[in-house]
Number of protein chains: 2
Amino acid sequence: MIDEANDTIDRDSYEPAYAQLVRILRRQIATGVFRPGDRLPSEAQLCERYGVSPMTVRRVINILADQGVVVAEQGRGTFVKPLELGTAIFDLDRLQQLFRDESQSQVKLLEVRIVPATERTARKLAIEVGERTIFIRRLIFQGENPMLLHREYVLYDPTRPIIEAEMEVTSLRGLFMGGNESALKWGDLAIDATVLTDDEATLLHSEVGAAAFRLEHIFYDFDNRPVSWGWFICPGDRLRFTAKVGIHDQETNNP
Amino acid sequence: MIDEANDTIDRDSYEPAYAQLVRILRRQIATGVFRPGDRLPSEAQLCERYGVSPMTVRRVINILADQGVVVAEQGRGTFVKPLELGTAIFDLDRLQQLFRDESQSQVKLLEVRIVPATERTARKLAIEVGERTIFIRRLIFQGENPMLLHREYVLYDPTRPIIEAEMEVTSLRGLFMGGNESALKWGDLAIDATVLTDDEATLLHSEVGAAAFRLEHIFYDFDNRPVSWGWFICPGDRLRFTAKVGIHDQETNNP
DNA sequence: AAGTGGTCTAGACCACTAT
DNA sequence: TAGTGGTCTAGACCACTTT
């Protein structure tokens with residue numbers, strides 16, 4: 001099982017020593033040399049075995065711990081973690097693709113109004129009931145086909161006359177792609193399952209009662225104030241969220 | 001804006017220097033001292049400014065880069081990244097809760113059969129059409145209420161007579177919680193939106209046509225062979241996937 | 001007391017980018 | 001050429017756990 005070529009660090013390689021050791025240990029775990037619950041060799045032993053300094057071994061252990069492959073316990077040792085499904089990193093690529101380049105996608109503005117906040121809107125945007133918000137309804141196309149229906153309530157701030165820009169396509173793109181001028185800092189996302197209503201089905205060229213995703217979002221500014229609450233509706237047959245859990249042999253560490 | 005207490009490293013604190021510096025820089029980015037696209041001070045400058053060694057600064061930068069807050073470019077500098085939605089870490093807590101302790105949840109076995117693989121099953125499990133698989137149908141309760149309907153095709157391996165154990169409740173729990181004896185290494189997940197069929201609605205005490213999640217899974221063993229393909233059906237009003245994107249002030253780095 | 005992980009230093013050398 | 005990030009060393013000291 002132990003292969004010299006796959007079990008030593010090649011100092012002439014372009015691959016850094018720490019990355020090689022990460023790969024070696026991950027492989028040993030993946031192939032069952034170390035099973036979940038097993039204790040890894042101590043850091044001192046790894047130093048000697050692979051001929052690297054303590055700092056390098058520590059870095060390797062930290063990377064493996066960050067990846068959720070092992071867990072280090074002070075004074076006891078480093079142990080292989082079992083597969084857990086507590087969290088999963090989901091890919092939003094297909095969603096992001098819609099906003100990547102203008103040629104692939106188009107945004108059609110359906111409605112823009114200034115409306116007083118209802119109780120629900122006020123709660124989501126942390127404002128008073130009756131305060132002014134900008135309600136926007138958009139339809140996002142991929143090529144010829146409508147993909148997403150977007151409803152959004154944006155904080156109406158008379159001191160910042162950004163209303164015009166906010167309604168533009170570029171605003172939505174900036175939301176998803178980021179940008180140097182973006183004032184958005186972070187956001188909450190939630191995925192619900194729902195079915196299309198009458199008007200949603202008409203706009204999206206689908207059928208009433210068809211399965212759909214509801215992707216709710218709240219975005220916050222640098223002062224932690226919510227600036228935008230809304231949700232996307234997407235027919236279930238046009239979108240899918242995928243994730244990988246556990247240990248894969250792929251993926252590097254520091255992109 | 002610059003506050004001495006929040007801008008220096010306290011060597012007497014229990015919080016390690018690197019963690020303090022991560023917090024300081026994140027705060028400066030979050031409050032807009034450094035905006036997306038801005039270049040951070042060079043590592044040498046940070047060393048002098050905060051009185052730490054190069055290795056410590058490098059560690060801090062690596063952590064921020066791993067968190068997606070900055071991106072380091074060799075020879076150019078370290079730059080603040082804009083908010084992106086490329087990936088989002090979704091919480092599967094509520095799903096995992098179902099399998100955490102026996103008192104909260106129960107599993108009722110509805111059906112167990114040995115069936116030859118159809119074309120679709122064969123493709124998913126990387127076997128030949130007609131090979132034997134174990135088809136399992138389960139209903140998972142939270143307290144008194146049915147929460148999930150599970151359909152699963154498990155590889156039938158006559159050399160490993162694990163069939164009995166595979167059907168047990170503990171098998172499902174081991175799947176989600178991991179365990180020292182688990183042979184599972186990793187898995188693919190996918191979330192679809194769907195609507196309940198007739199029998200699904202009956203079993204789940206819901207209504208036909210109600211919105212629902214379909215959580216498909218494939219689990220693999222240490223030899224990268226798929227051992228289980230199946231999916232959970234959950235009414236949309238009983239489950240929700242949430243995530244945070246961008247920079248939050250919370251969360252530590254090395255749990 | 002011995003062994004473990006956790007943090008940190010004060011440099012070194014290299015590769016890359018800008019000027 | 002100067003400045004940047006990227007890697008790595010060979011230790012040090014500390015906190016914690018086990019024996």
Side-chain angles (χ1 to χ4, degrees), chain A residues 8-25 29 34 37-81 251-255, chain B residues 8-25 29 34 37-81 251-255:
Chain A
T8 55
I9 289 176
D10 176 13
R11 306 314 289 238
D12 296 330
S13 168
Y14 286 106
E15 192 183 16
Y18 80 90
Q20 291 185 50
L21 188 47
V22 165
R23 194 169 39 75
I24 288 171
L25 292 179
I29 292 169
F34 301 114
D38 286 357
R39 214 197 71 188
L40 251 51
S42 78
E43 305 193 348
Q45 289 171 324
L46 290 173
C47 288
E48 195 175 345
R49 167 70 184 80
Y50 294 99
V52 291
S53 76
M55 268 302 274
T56 303
V57 166
R58 296 258 50 240
R59 183 174 181 182
V60 168
I61 300 295
N62 272 333
I63 289 172
L64 291 175
D66 282 344
Q67 292 176 342
V69 177
V70 302
V71 55
E73 296 179 31
Q74 190 173 92
R76 302 212 324 120
T78 304
F79 302 88
V80 178
K81 263 176 82 172
E251 85 179 330
T252 57
N253 27 303
N254 293 335
Chain B
T8 55
I9 288 175
D10 176 12
R11 305 315 287 238
D12 297 329
S13 168
Y14 286 105
E15 191 183 16
Y18 80 91
Q20 292 186 49
L21 187 48
V22 165
R23 194 169 39 75
I24 289 171
L25 292 180
I29 292 169
F34 301 113
D38 286 356
R39 214 198 70 186
L40 251 50
S42 77
E43 305 192 347
Q45 288 172 324
L46 290 173
C47 287
E48 196 175 345
R49 168 71 184 79
Y50 294 99
V52 290
S53 76
M55 268 302 274
T56 303
V57 166
R58 297 259 49 239
R59 183 175 181 179
V60 169
I61 300 295
N62 272 333
I63 288 172
L64 291 175
D66 281 344
Q67 292 176 344
V69 176
V70 302
V71 56
E73 296 179 33
Q74 190 173 93
R76 301 213 323 122
T78 304
F79 301 88
V80 178
K81 262 176 81 172
E251 88 177 328
T252 57
N253 25 302
N254 294 337

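Just so you know, these numbers come straight off a predicted model, no measurement behind them. We name chains A, B, ... by the order of the sequence lines, and we start the count at 1 in each one.
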- Task: Describe the nucleic acid contact of B:Ala44 in one word from base, sugar-phosphate, nothing, applying a heavy-atom distance below 4.0 Å.
- Result: nothing
To the nearest Å, how far apart are [X] [atom1] and [N] [atom2]?
| X | N | atom1 | atom2 | value |
| --- | --- | --- | --- | --- |
| B:Gln74 | D:dG3 | CD | C1' | 12 Å |
| A:Glu43 | C:dT4 | CD | C1' | 8 Å |
| A:Glu73 | C:dG6 | CD | C1' | 14 Å |

- Terminal helix-axis angle for the helix from C:dA1-D:dT18 to C:dA18-D:dT1, with five pairs defining each axis and rounding to 10 degrees: 0°
Any N/O pairs under 3.5 Å between the protein and nucleotides 9-11 of chain D? List them or say none.
residue: D:dT9; atom: OP1; partner: A:Arg11; partner atom: NH2; Å: 3.3
residue: D:dT9; atom: OP2; partner: A:Ser53; partner atom: N; Å: 2.9
residue: D:dT9; atom: OP2; partner: A:Ser53; partner atom: OG; Å: 2.9
residue: D:dT9; atom: OP2; partner: A:Thr56; partner atom: OG1; Å: 2.7

Looking at [options], which one has an atom nearest to any side-chain atom of [X]?
| X | options | result |
| --- | --- | --- |
| A:Arg59 | D:dT7, C:dG5, D:dG5 | D:dT7 |
| B:Ala72 | D:dG6, C:dT7, D:dT4 | D:dG6 |
| A:Tyr18 | C:dT7, C:dG5, D:dC8 | D:dC8 |

- Query: Which residues pass the side-chain hydrogen bond (donor to acceptor under 3.5 Å, both in side chains) test with A:Glu73, sequence neighbours left out?
  - Reply: A:Arg76
- Considering residues at least two apart in sequence or located in another chain, which fulfil the salt bridge (Lys or Arg N to Asp or Glu O under 4.0 Å) criterion with A:Arg39? none
- Contacts of A:Glu15 that satisfy side-chain contact (heavy atoms from CB on, under 4.5 Å) - sequence neighbours left out: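 With sequence neighbours excluded, A:Glu15 shows a side-chain contact (heavy atoms from CB on, under 4.5 Å) to A:Ser13, A:Ala19, A:Gln20, A:Arg23, given in chain and number order.
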- Message: According to side-chain contact (heavy atoms from CB on, under 4.5 Å), who are the partners of B:Pro54, at least two apart in sequence or on a separate chain?
- Response: B:Cys47
- Query: Just to confirm, is there a sub-4.0 Å distance from OP1 or OP2 of D:dG5 to any side-chain nitrogen or oxygen of B:Arg58?
  - Reply: no
- Task: Ignoring backbone atoms, establish whether B:Arg76 has a side-chain N or O less than 4.0 Å from OP1 or OP2 of C:dC16.
- Result: no
